[in-house]
Amino acid sequence: MNLLNTFFNIPVLIDTFPLLLSGLLVTLEIGVTSIITGLAGGLFLALVRLYGPGPIPFLSKIYIDIFRSIPLLVLLIIVYYALPFVGIRFSPFVSAVVALTLVSSAYTAEIFRAGIEAIPHGQFEASQALGLSSRHMMVDVILPQAIRIVIPPLTNNCINVLKDTALASVVAMPDLLKQATQAQALAANPTPLIGAALIYVALLWPLVAIVARLEKHFGKDKRP
Amino acid sequence: MTPLIKISNLKKAYGIFTVLHGIDLDIAEGEVVCVIGPSGSGKSTLIRCINRLESFSDESSIVVDGVVVGPGEALAKVRAEVGMVFQSFNLFPHLTVLKNVMLAPMRVRGTKPAEAERKARELLARVGIAEQAEKYPGKLSGGQQQRVAIARALAMEPKVMLFDEPTSSLDPEMVGEVLDVMKSLAGTGVTMVVVTHEMGFARQVADRVIFMDGGRIIEQNTPSKIFDNPKEERTRSFLRSVLDH
């Protein structure tokens with residue numbers, strides 16, 4: 001009984017539920033924004049890494065390697081607490097989005113690169129032989145095929161970004177985790193934390209299931 | 001008359017391995033040229049240089065219809081005029097047969113979709129697969145896929161058609177249908193350069209047969225002279241090995 005009262009206290013959960021939902025909204029705002037900017041940044045990085053002129057592919061590789069190595073929490077703290085020392089001041093929301101985007105675009109770039117490199121060389125040659133410009137070759141021939149390959153790993157990456165939004169609570173962002181810890185302090189009861197955990201699971205479980213289905217679907221798809 | 005394709009001193013090397021030792025070759029408008037020779041003789045590399053899918057040495061020059069084939073702006077122009085059919089078809093698997101044929105005219109020539117579709121259906125009918133237009137390439141047999149690839153290249157109304165071993169990856173029973181399409185194409189006046197192992201096709205359709213070995217043109221002549229009375233010993237021994245078995 002004591003355990004139920006401590007972790008699954010229904011009155012406390014009902015009281016704090018609106019707070020948790022407002023936190024969920026912030027979590028989704030940060031997550032969706034970062035996913036979109038991360039996808040765009042990752043595609044850009046992948047393309048310049050594969051086809052950029054001069055030193056650009058090398059610089060892109062350096063970026064990707066660095067931001068895949070740095071722990072997100074460390075990066076977030078640098079962006080929010082260190083950059084103001086050089087006069088760069090971001091709001092908590094922007095700090096969280098910047099840090100998540102920097103890291104997510106590095107991972108996404110590697111996913112897109114693998115997808116593009118998996119397209120048979122003959123597809124590039126056929127496009128060139130027809131006289132298609134590089135842009136049309138990418139947009140009409142290569143990327144539509146690459147995207148089918150990268151959808152499962154990209155969805156996986158989206159799940160990771162959504163989970164990592166919880167780190168934004170350290171820069172005073174009122175996201176789901178932050179609201180839950182605050183509600184816990186107010187109610188002097190950890191039930192809101194359990195509530196937050198359940199909300200995270202409810203949000204991400206369907207995505208995890210979708211990834212599994214996508215992997216199965218695209219896995220059995222025999223390419224000619 | 002100036003040749004449609006003028007290849008001068010074409011040299012190509014992969015590191016220390018020389019693939020082409022300074023080829024000189026003129027091809028006239030409307031001519032059907034078959035290139036034969038053993039594997040590794042450089043015949044595929046030769047025709048892949050014509051639309052610069054392979055880069056080549058700076059001392060070499062290829063001119064197609066008055067345009068120098070080099071890196072840069074002019075290359076797109078050359079490629080739009082030069083159709084190519086590959087050994088492995090290389091159709092776009094995510095597009096229907098019809099869209100495969102429509103894509104390049106719309107993107108490169110700016111053809112309106114309705115006009116591109118009309119033209120594509122006409123070409124598909126010409127290569128005998130009008131009824132497969134809405135299918136995806138993966139649902140077609142190899143021979144059908146290669147005929148779509150020919151229609152796709154023809155949709156750009158090229159002056160030159162390059163065929164890089166178009167029947168080499170086909171099951172034997174499908175070789176005929178592709179060769180038939182190529183034969184009828186040869187009758188329309190389009191310039192064709194065909195790398196092939198199909199000696200019967202070369203004999204019957206070519207205006208000129210080129211025998212290559214070791215990155216050089218060893219001998220070239222009309223089909224009857226090459227096949228019935230080859231001058232070079234290397235030509236003779238190659239023809240013996242492919243014809244007598």
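We use all heavy atoms of the structure for the numbers below, so side chains are in, but hydrogens, waters and symmetry mates are not. Residue numbering restarts at 1 for every chain, and letters A, B, ... go by the order of the sequence lines.
Of the atoms belonging to B:Phe86, it is side-chain heavy atoms, and not backbone ones, that fall under 4.5 Å from chain A. Proximity to chain A is limited to the backbone of B:Leu91, based on heavy atoms less than 4.5 angstrom apart. Both the backbone and the side chain of B:Arg152 come within contact range of chain A, each with at least one heavy atom under 4.5 Å from a heavy atom of that chain. For chain B, no part of A:Ser133 is nearby; none of its heavy atoms comes within less than 4.5 Å.
Across every non-hydrogen atom of A:Gly131 and B:Arg79, the tightest pair is CA-CB, 3.8 Å.
Not a single donor-acceptor pair under 3.5 Å links the side chain of A:His136 to the backbone N or O of B:Leu103.
Between the CG atom in A:Leu130 and the CZ atom in B:Arg107 there is a gap of 12.5 Å [rounded to 0.5 Å]. Between the CG atom in A:Leu132 and the CZ atom in B:Phe92 there is a gap of 6.0 Å [rounded to 0.5 Å]. Interatomic distance, A:Glu125 CD to B:Asn51 CG, rounded to the nearest 0.5 Å: 9.0 Å.
For A:Phe17, the CZ atom sits in a loose shell: 12 or fewer heavy atoms of surrounding residues, nucleotides or ligands are nearer than 6.0 Å. Dense packing is recorded around OH of A:Tyr51, with more than 12 heavy atoms of other residues, nucleotides or ligands lying under 6.0 Å away. Residue B:Glu73 places its CD atom among 12 or fewer non-hydrogen atoms of other residues, nucleotides or ligands, all under 6.0 Å distant. The environment of NZ in B:Lys99 is sparse: at most 12 heavy-atom neighbours from other residues, nucleotides or ligands sit within 6.0 Å.
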